[in-house]
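Written below as structure tokens is the structure these notes are about.
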Amino acid sequence: MSTDSFPTLPPAARVGDPLERIDTPALVLDLDAFERNLDLMQAKARAAGVALRPHAKAHKTPQVALAQIARGAVGICCQKVSEALPFLEAGVTDIHISNEVVGAAKLALLAQAARVGRFSVCVDDAGQVAELAAACAAQGSRVDVFVEINVGQDRCGVAGAPEVLSILQVISAHPQQLAFKGLQAYQGRVQHIRSREERRAAALAASARTAAVVAALQAAGIACPVVTGGGSGSVEFELAGGIYNEVQPGSSAFMDADYGANEYGDALRFEHSLFVLASVMSRVDERQAIVDAGLKSMSAESGLPRVWGRQGVEYAVISDEHGNLRGGAPLPQLGERVLLVPGHCDPTFNLHDELVCLRGGVVEAIWPVAARGLSR
Ligand code: PLP
Ligand code: MN
């Protein structure tokens, strides 16, 4: 058997291809909608006098971060040290790890990365601070530190000001390695409350808890330069509230179906820019059209994908490699392309090697999802 007859997988798309020629399933970005989303978020942050540090865990794609920074973002958030590396390599030099980093190997990597870029990280444990300082000392680097406070999510973060003050004592014992930068106060449970009024009330409750900690630090003579937090569902309230001076929305650039199901007023509304392009692969049963994009192309833990631009057609059942489209409206024919709005953008990006960027239905660029799979 000769090896020169072995087929190689051609690229799913090439610059200049029309949408109809993209092989499926593919993750596609409508650049016009995406850029409008970036411009809107940046304009709102600028008008509020709040720094924008978009979360890169949503997309894991360095070109997205560079487009945000070109518009005025101060840097990015990453959730993991490994996730940050492709961004650092692409020239993103100001990265906040909006998460606790535990263990010698991860801390060594963080301290090493901090020799190349400016890094900050969250802590919620005094013992961890000492290990972070030791890792920085070994690398000869310096890291900015945020103490994370629990403002209602009940995930990471200390309970209140007394705990912050005792962690600050350990931070200040390592002035060569660590600098206290401020508080992280992220309330994830607020983001998908459907009613805008209920979302506002929950966001304000988190802000009030944050303000109480800032006031207690001030009373103790401690400046808190940065208060960071906020996500795509709550950011309009953090921008208006006067407590946060930095916000971290990630999904607002894309708007998945879960965020799309929130009620928004006219204040801040983003467009769907991210889609999974699928093809109809079976029409044996006339009551349904089977598409070739299932759980290996998009996550469904936050809800099923929405079928884009085909009123009355529903993505009814998801399985590993298939989706069952049903509904009263005429269903797409065998081979027809269908755009799906994924339920949750973050884990969906993590399933794809590349993002096919379209303008006016034509491929303009193909961006590597370079941090895909980097979750250490
Ligand atoms: N900041 C942190 C620490 C988060 O964990 C998240 C999302 O989980 C966000 C910000 C906001 O992300 P998004 O706007 O994509 O919901
Ligand atoms: Mn998310």
Side-chain angles (χ1 to χ4, degrees), residues 34 37-38 40-42 44-45 50-61 64-65 68 73-81 83-84 95-101 120-124 146-158 181-194 199 202-203 206-207 210 226-239 244-262 264 268-274 298-303 305 341-351 371 375:
F34 166 72
N37 287 342
L38 297 196
L40 176 62
M41 189 68 253
Q42 188 62 55
K44 291 288 181 182
V50 170
L52 178 62
R53 182 181 288 281
H55 216 304
K57 79 182 176 72
H59 53 78
K60 291 177 168 278
T61 304
V64 170
Q68 292 167 322
V74 296
I76 60 168
C77 296
C78 286
Q79 209 76 310
K80 301 294 183 80
V81 180
E83 184 179 68
I95 301 179
H96 171 51
I97 308 294
S98 61
N99 205 359
E100 283 67 15
V101 174
S120 56
V121 67
C122 287
V123 300
D124 65 2
F146 284 81
V147 180
E148 182 163 29
I149 56 173
N150 176 14
V151 290
Q153 184 168 19
D154 298 335
R155 188 170 67 181
C156 304
V158 300
K181 191 78 184 293
L183 298 175
Q184 175 165 300
Y186 175 70
Q187 206 329 5
R189 287 194 198 165
V190 168
Q191 306 306 324
H192 294 94
I193 296 175
R194 298 302 184 212
R199 211 162 61 248
S207 292
T210 307
V226 179
V227 177
T228 189
S232 301
S234 64
V235 67
E236 62 164 312
F237 309 119
E238 281 105 19
L239 288 179
Y244 291 78
N245 56 11
E246 184 179 283
V247 289
Q248 309 180 346
S251 305
S252 59
F254 311 104
M255 284 303 278
D256 52 34
D258 195 12
Y259 267 124
N262 278 3
Y264 300 93
L268 194 53
R269 181 192 291 275
F270 298 97
E271 301 172 48
H272 291 297
S273 68
L274 182 74
M298 62 220 153
S299 81
E301 82 297 333
S302 300
V341 179
H344 189 187
C345 59
D346 310 49
T348 296
F349 266 102
N350 199 43
L351 294 170
S375 55

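Start at 1 with the first residue, then count along the sequence. Atoms within a ligand are numbered from 1 in the order they appear, just like the ligands themselves.
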Interatomic distance, [X] atom [atom1] to [Y] atom [atom2] [nearest 0.5 angstrom]:
X	Y	atom1	atom2	answer
S232	Q191	OG	CD	7.0 Å
I76	Q248	CD1	CD	11.5 Å
H272	M255	NE2	CE	5.5 Å

Look at the side chain of R199 and the backbone N and O of R194, then say whether any donor-acceptor pair between them is shorter than 3.5 Å.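 Yes; at least one donor-acceptor contact below 3.5 Å.
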
So does G188 get a backbone contact from the side chain of Q153, meaning a donor-acceptor N/O pair under 3.5 Å?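 Answer holds: yes.
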
Looking at [X], which atoms of ligand 1 are within less than 4.0 Å of one of its heavy atoms?
X	result
S251	13 (P), 14 (O), 15 (O), 16 (O)
P249	14 (O)
Q184	3 (C)
S98	3 (C)
G231	11 (C), 14 (O)
G230	10 (C)

Tell me the contacting part of R155 for ligand 1: side chain, backbone, both, or neither, using a 4.0 Å heavy-atom threshold, strictly below.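 Near ligand 1, R155 shows its side chain, while the N, CA, C and O stay back.
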
Which segment of Q191 sits under 4.0 Å of ligand 1 when only heavy atoms are counted: neither

Side-chain heavy atoms of [X] within contact of [Y], under 4.5 Å:
X	Y	answer
E236	V247	no
D124	E100	yes
L274	H59	no

Is there any N or O on [X] that sits under 3.5 Å from an N or O of ligand 1?
X	value
G250	yes
Y259	yes
Q248	yes
S252	no

Mind checking whether F254 and F34 have parallel, tilted or perpendicular rings, split at 30° and 60°? parallel

Residue pair [X] / [Y], side-chain donor-acceptor N/O under 3.5 Å:
X	Y	answer
D346	N350	no
Q79	S98	yes
H96	T228	no

If waters are left out, how many protein N/O/S atoms lie within less than 2.8 Å of the Mn ion (ligand 2)? 2

Could you check L268 against V235 for side-chain contact (heavy atoms from CB on, under 4.5 Å), going step by step and ending with a plain yes or no? CA-CA 9 Å; L268 194 53; V235 67; 3.7 Å; yes

Checking a contact table here: which protein heavy atom is nearest atom 8 (O) of ligand 1, and how many Å away?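 Checked against all protein heavy atoms, atom 8 (O) of ligand 1 sits closest to K57 NZ, 2.9 Å.
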
Students should be able to answer this: which protein heavy-atom is nearest to atom 14 (O) of ligand 1, and at what distance?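 Here the nearest protein heavy atom works out to S232 OG, 2.6 Å.
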
